[in-house]
Q: 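Take a look at the following structure, please.
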There are 2 protein chains.
Amino acid sequence: MVTRTARERQLDHPGRGEIALADVLHALADPVRLRVVRTMAAADSPMACGAFGLPVSKSTCTHHFRVLREAGIIRQHYRGTAVLNDLRRDDLDARFPGLLDCVLAAAAGDSPAQ
Amino acid sequence: MVTRTARERQLDHPGRGEIALADVLHALADPVRLRVVRTMAAADSPMACGAFGLPVSKSTCTHHFRVLREAGIIRQHYRGTAVLNDLRRDDLDARFPGLLDCVLAAAAGDSPAQ
DNA sequence: GTCGTTGTACGATAGACGTCGAACTTCGGT
DNA sequence: ACCGAAGTTCGACGTCTATCGTACAACGAC
């Protein structure tokens, strides 16, 4: 007999030390993904992919969240049929101190109305 | 009769207020361009394109410098046959405070041997 | 003027990227 | 068992991008 948590579908995440700057910058350079990150930074709890109201199809949505996950910017785990998304603030701050906050502040200045 | 400075070939640069975050992030997400920016940040005076010793052809070089210029990251002006490149530190800091320094610090942490 | 240096302009090309729709999987609820 | 909700997978598509080589232009030096 197996516990529920051990049977959860698995998603690959880079370790904290494996997060690469070029990947992070590339991931944040897309308007849709930057919007996701801004929304997540403003939220107080993990959000499902569908909760962002993105102006793209479901498959494109999947694509963007995978890019963010593989860049090490977000953590994803299954919760029933949904996928909960979480900003990897600690890891990002440890690897590239201040970078996330700078980008968020810059984004706020660049287009205040998210 | 026209003065020399007025006859210089002109390059288009975005105004300080026109610098867009997505363009900046996209420009910095390329290894060759990030290396250029790091080298320029470490230099104390403007450098010609050829002085960076980039591992790409001349035409590719021209391409990368144009991307950086159009993103508002560098300023370019002709000096004889050469083009001098200069980091737009002031404009970048004014538009996106701290961003450039964060990225430079992150790059130093990501690959210390430039 | 001629020549070498420095960079630009112009295709061309191969690969990456953002986007979609249709079919499928997984899970919770009834 | 069935159905609907939430994502994923799998092509397919057009566009953007990084790269190159060749030909060309601007300038300094001789």
Q: Starting from C1' on D/dC27, measure out to NE2 on B/His77 and report it in whole angstrom.
A: 15 Å
Q: It should be established whether A/Thr62 places a side-chain nitrogen or oxygen under 4.0 Å from OP1 or OP2 of nucleotide D/dT8.
A: yes
Q: Can you tell me which nucleotide in D/dA6, C/dT8, D/dC20 comes closest to the side chain of B/Ser57?
A: D/dC20
Q: Would one find a side-chain N or O of A/Thr81 under 4.0 angstrom from OP1 or OP2 of C/dG28?
A: no
Q: Kindly say if A/Arg33 contacts the phosphate of C/dG18, meaning a side-chain N or O under 4.0 Å from OP1 or OP2.
A: yes
Q: When you measure from the side-chain N and O atoms of A/Tyr78 to the phosphate of D/dA6, is any distance below 4.0 Å, counting only OP1 and OP2?
A: no
Q: Using a cut-off of 4.0 Å on non-hydrogen atoms, how would the nucleic acid contact of A/His63 be classed: base, sugar-phosphate, or nothing?
A: base
Q: Are B/Arg75 and B/Asp91 ion-paired here, with the side-chain N under 4.0 Å from a carboxylate O?
A: yes
Q: Tell me whether B/Arg33 contacts the main-chain N or O of B/Leu68 through its side chain, where contact means a donor paired with an acceptor under 3.5 Å.
A: no
Q: Could you give the CZ-to-P distance, from A/Phe65 to C/dT19, as a whole number of Å?
A: 13 Å
Q: Of the options D/dC20, C/dG7, D/dA18, whose atoms approach the side-chain atoms of B/Thr60 most closely?
A: D/dC20
Q: Whether the A/Ser111 and A/Arg35 side chains hold a donor-acceptor pair (N or O, under 3.5 Å, no angle test) is what I'd like checked.
A: no
Q: Return the value, rounded to whole Å, for the distance between atom NE2 of A/His26 and atom P of D/dC16.
A: 15 Å
Q: Among D/dG21, C/dG7, D/dT19, which nucleotide sits nearest the side chain of B/Ser59?
A: D/dG21
Q: Is it the case that the side chains of B/Ser57 and B/Thr60 hold a donor-acceptor pair, with the cut-off being a distance below 3.5 Å and no angle test?
A: yes
Q: Test your reading of the model: is there a side-chain donor-acceptor pair from B/Arg95 to the backbone of B/Ile19, 3.5 Å cut-off?
A: yes
Q: Expressed as a whole number of angstroms, how long is the span from B/Lys58:NZ to D/dA23:C1'?
A: 11 Å
Q: In whole angstroms, how far is the C1' atom of C/dA16 from the CG atom of B/Asp30?
A: 13 Å
Q: Please state how far atom CD1 in A/Ile74 lies from atom C1' in D/dG7, giving the value in whole angstrom units.
A: 13 Å
Q: How long is the line joining NE2 of B/His64 and P of C/dT6, in whole Å?
A: 20 Å
Q: Nearest whole Å is fine: how far is D/dC16 P from B/Arg66 CZ?
A: 14 Å
